[in-house]
Asks: 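A single structure is presented below for examination.
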Amino acid sequence: MLDLNAVRNDPETYRAGLRRRGEEPVILEKLLELDQRRRLLIREVEELQSQRNSLSREIGFAKRGGGDPAEIISRVQEIKKVLPEREAELKAVASELERLLLEIPNLPAPEIPDGEPRILKTVGDTPRHGTPHWEIGERLGMLDTARGVKVAQARFYLLRGDGAALERALISFMLDLQIQKRGYQEVIPPFLVNLDSMTGTGQYPKFAEDFFTCEKDGLALVPTAEVPVTNLHRDEILEELPLKYTAWTPCFRREAGSYGKETRGLIRVHQFNKIELVRFTKPGESDAALEELTADAESVLETLGLPYRRVVLPADDLGFSARKTYDLEVWMPGVERYVEISSCSNFGDFQARRMRIRYRPKPGAKPQFVHTLNGSALAVGRTWAAILENGFREDGSVEIPPVLRPYLNGRVRFEAAS
RNA sequence: GGAGAGGUGGCCGAGUGGUUGAAGGCACCGGUCUUGAAAACCGGCAUACCGAAAGGUAUCGGGGGUUCGAAUCCCCCCCUCUCCGCCA
């Protein structure tokens, strides 16, 4: 959520920012117009309320003094003819303003590019030819797409035997790395959240089509651990900063509008596992925290020995709540391209404002909004796929990255059962 | 699912229709005292909005209603706790 005061004081900066994002800045004109109407109405309403309150007080005094308040009461009645109308009007304008404010995206950070994503670094070899992970997975008995579809729907899949073991090994490995080497605290949050939480991180109301809901319970399946973990501290004044959390959760996404795209394999599915990193920092510290957090995510790719690159997203490619985002893309020889495997973002105070997460700069000082950040470390399904494609050998087996072997009973490769 | 209790400020906790934004305590901030600290004592201490300011308005889980006036009365919803039932 943008700071309405800041928009009012410096609309040009916000217009320019929205334009960089490819948004129509007209929405700001509407916002400012509503804001002005609202403030006018507030003055009217409060003036009437003030009159009503003082007259009511007089009635109290008159009654206690044994006087007859009938005349004053009739004056209050006059006010009560107009007040409710104005109040209703104010309420309508205020809620329209609130709705609008919740649907305006964050401003991009000044230093990020316009146009194309900029590649910041590339690590590892990128062989041109390979076999798609779904073929390897099916052949080795690790992946069963057909039965996933039978049990649920298209874009669901089933892992079996070594496939399930690899998934579980990846989850443990990734968590252990962040907990032991990078100082994160693990949490296991609820996988269903309420709409206040979805609103807090920015998925709701604008992107309600993108996640699954349990209508009659008022709950939604988490599309990312970002939602429950960032909302941990909704409506709180934090005593200690920075905070660093990591969490494994399944992620559920409707992928509405992606019909026909990437229908094979695990790249785009309705349910996948992910390890998430979430940070809360003081305002001045979030830029450095994003660099650190992205390096934390990269450390997973590096220790697994997977080829990848880091790109910084251009302004018109940013997610709704983000002000700056680095994507990590893993090389997948089977599909012969880089595939996004992590997205690390700084949200500034955009989410904190929605969630009212604050801290006190000094004891007794006025609370300020914190900054929030998060990133995947990593998307487990896509990592699973990358390991199969990058570890695939001539003899049909898949070599297991050395760091994962302790999580797989010391095994060195996956082979077809004889 | 059944029965009951309850949701008040950063926290605990008074308050059942009229200067109550809300007693008291804790925490916190400033001061006195002290070599320093603690203790004690004195003072301060909610948030948001409107306003140049003076000041005003709103907020006692959320929404609606009664009333000249609601933290207090009525209705609906949400949440928490206790007991019973069921259950991994």
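Reckoned from all heavy atoms, side chains included, excluding hydrogens, waters and symmetry mates. So you know, we letter chains A, B, ... as the sequences are listed, proteins then strands, and number each from 1.
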Asks: Under 3.5 Å, is there a donor on one side chain and an acceptor on the other for A:Asn346 and A:Ser286?
Replies: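 Present: a donor and an acceptor within the cut-off.
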
Asks: Decide whether A:Trp331 and A:Asn390 meet the rule of one side-chain donor and one side-chain acceptor closer than 3.5 Å.
Replies: no

Asks: Roughly how far apart, to the nearest Å, are B:rU16 and B:rG85 at atom C1'?
Replies: 36 Å

Asks: Tell me which of A:Arg360 and A:Lys80 sits closer to the 5' end of RNA chain B, going by the nucleotide each one is nearest to.
Replies: A:Arg360

Asks: Roughly how far apart, to the nearest Å, are B:rC26 and B:rC68 at atom P?
Replies: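 The answer is 43 Å between these two P atoms.
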
Asks: For the pair made of CG in A:Leu40 and P in B:rG56, what is the distance, rounded to whole Å?
Replies: 21 Å

Asks: What is the distance, to the nearest angstrom, from the CG atom on A:Asn5 to the C1' atom on B:rG51?
Replies: 14 Å

Asks: In whole Å, what separates the P atom of B:rG21 from that of B:rA71?
Replies: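 Result for the P pair: 8 Å, nearest Å.
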
Asks: Would A:Gln178 and A:Asp296 count as having a side-chain donor-acceptor pair, cut-off 3.5 Å?
Replies: no

Asks: Is a side-chain donor-acceptor pair under 3.5 Å present for A:Thr145 with A:Glu138?
Replies: yes

Asks: Cut-off 3.5 Å, side chains only: do A:Gln351 and A:Glu226 have a donor facing an acceptor?
Replies: yes

Asks: To the nearest Å, how far apart are A:Asp217 CG and B:rC79 C1'?
Replies: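 My rounded result for the distance is 15 Å.
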
Asks: Looking at every strand, decide which applies to A:Ile42 at a 4.0 Å heavy-atom threshold: base, sugar-phosphate, or nothing.
Replies: sugar-phosphate

Asks: Separation of A:Arg234 atom CZ from B:rC79 atom C1', in whole Å?
Replies: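 Rounded to whole Å, this separation is 13 Å.
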
Asks: What's the gap between B:rA5 and B:rG43 when it is taken at their P atoms, as a whole Å value?
Replies: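 Approximately 42 Å lies between the P atom of B:rA5 and that of B:rG43.
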
Asks: Could you tell me if A:Asp196 and A:Tyr204 have a donor-acceptor pair between their side chains, going purely by distance under 3.5 Å?
Replies: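 The answer is no; no qualifying pair exists.
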
Asks: Describe the nucleic acid contact of A:Arg37 in one word from base, sugar-phosphate, nothing, applying a heavy-atom distance below 4.0 Å.
Replies: nothing

Asks: Which whole number of Å gives the distance between the P atom of B:rG56 and that of B:rU72?
Replies: 23 Å

Asks: Find out whether A:Glu236 and A:Arg358 are in side-chain contact, i.e. whether some heavy atom of one side chain is under 4.5 Å from a heavy atom of the other.
Replies: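 Of all side-chain heavy-atom pairs linking A:Arg358 with A:Glu236, none is under 4.5 Å.
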
Asks: Could you state the atom-to-atom distance from CD1 of A:Ile237 to C1' of B:rC45 in whole Å?
Replies: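 Whole-Å distance recorded here is 13 Å.
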
Asks: Figure out the CZ/P separation between A:Arg358 and B:rU47, and round it to whole Å.
Replies: 8 Å

Asks: Under 3.5 Å, which N/O atoms of the protein pair with N/O atoms of nucleotides 57-61 of chain B?
Replies:
from   : atom 1 : to      : atom 2 : distance (Å)
B:rU57 : OP1    : A:Asn53 : ND2    : 3.4
B:rU57 : O3'    : A:Gln49 : OE1    : 3.3
B:rU57 : O2'    : A:Gln49 : OE1    : 2.7
B:rU57 : O2     : A:Glu46 : OE2    : 3.4
B:rA58 : OP1    : A:Arg52 : NH2    : 3.3

Asks: With rounding to the closest Å, how many angstrom separate the C1' atoms on B:rG31 and B:rA39?
Replies: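 It comes out at 16 Å once rounded to the nearest Å.
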
Asks: In whole Å, I'd like the distance from the NZ atom of A:Lys81 to the P atom of B:rC68.
Replies: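 Interatomic distance, NZ of A:Lys81 to P of B:rC68: 13 Å.
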
Asks: If the plane angle is over 60° it's perpendicular, under 30° parallel, otherwise tilted; pick one for A:Phe280 and A:His233.
Replies: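 The arrangement is perpendicular - the two ring planes meet at more than 60°.
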
Asks: Which residues pass the side-chain contact (heavy atoms from CB on, under 4.5 Å) test with A:Pro190, not counting sequence neighbours?
Replies: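 Scan of A:Pro190 (side-chain contact (heavy atoms from CB on, under 4.5 Å), adjacent residues dropped) gives none.
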
Asks: When you compare B:rA38 with B:rC45, how far apart are their P atoms, in angstrom units rounded to a whole number?
Replies: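 The same atom, P, in both gives a distance of 23 Å.
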
Asks: Checking salt bridge (charged side-chain N to carboxylate O under 4.0 Å, His left out) between A:Asp144 and each of A:Arg139, A:Arg160, A:Lys150, which is the one that passes?
Replies: A:Arg160

Asks: Would you please confirm or rule out a distance under 4.0 Å between OP1 or OP2 of B:rC50 and any side-chain N or O of A:Arg38?
Replies: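 So the side-chain polar atoms of A:Arg38 do come within 4.0 Å of the phosphate oxygens OP1 or OP2 of B:rC50, strictly under.
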
Asks: Round to the nearest Å and state the distance from A:Leu195 atom CG to B:rC78 atom P.
Replies: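 One finds 14 Å between P of B:rC78 and CG of A:Leu195, rounded.
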
Asks: Quick one: label A:Glu58 by what it contacts on the DNA or RNA (base, sugar-phosphate, nothing), any heavy atom closer than 4.0 Å.
Replies: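 No contact.
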
Asks: When the C1' atoms of B:rA46 and B:rC42 are considered, how many whole Å apart are they?
Replies: 23 Å

Asks: Any chance the side chains of A:Tyr326 and A:Glu291 put a donor and an acceptor closer than 3.5 Å?
Replies: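 Note: A:Tyr326 and A:Glu291 side chains meet the donor-acceptor criterion.
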
Asks: Could you spell out the base pairing of RNA chain B as a dot-bracket line? Use Watson-Crick and G-U wobble contacts where both distances are under 3.5 Å, [ ] for crossing pairs, | for partners on a different strand.
Replies: ((((((((.[[[..)..(.....]]].(((((.......))))).(((((....))))).[[[[[..)....]]]]])))))))....

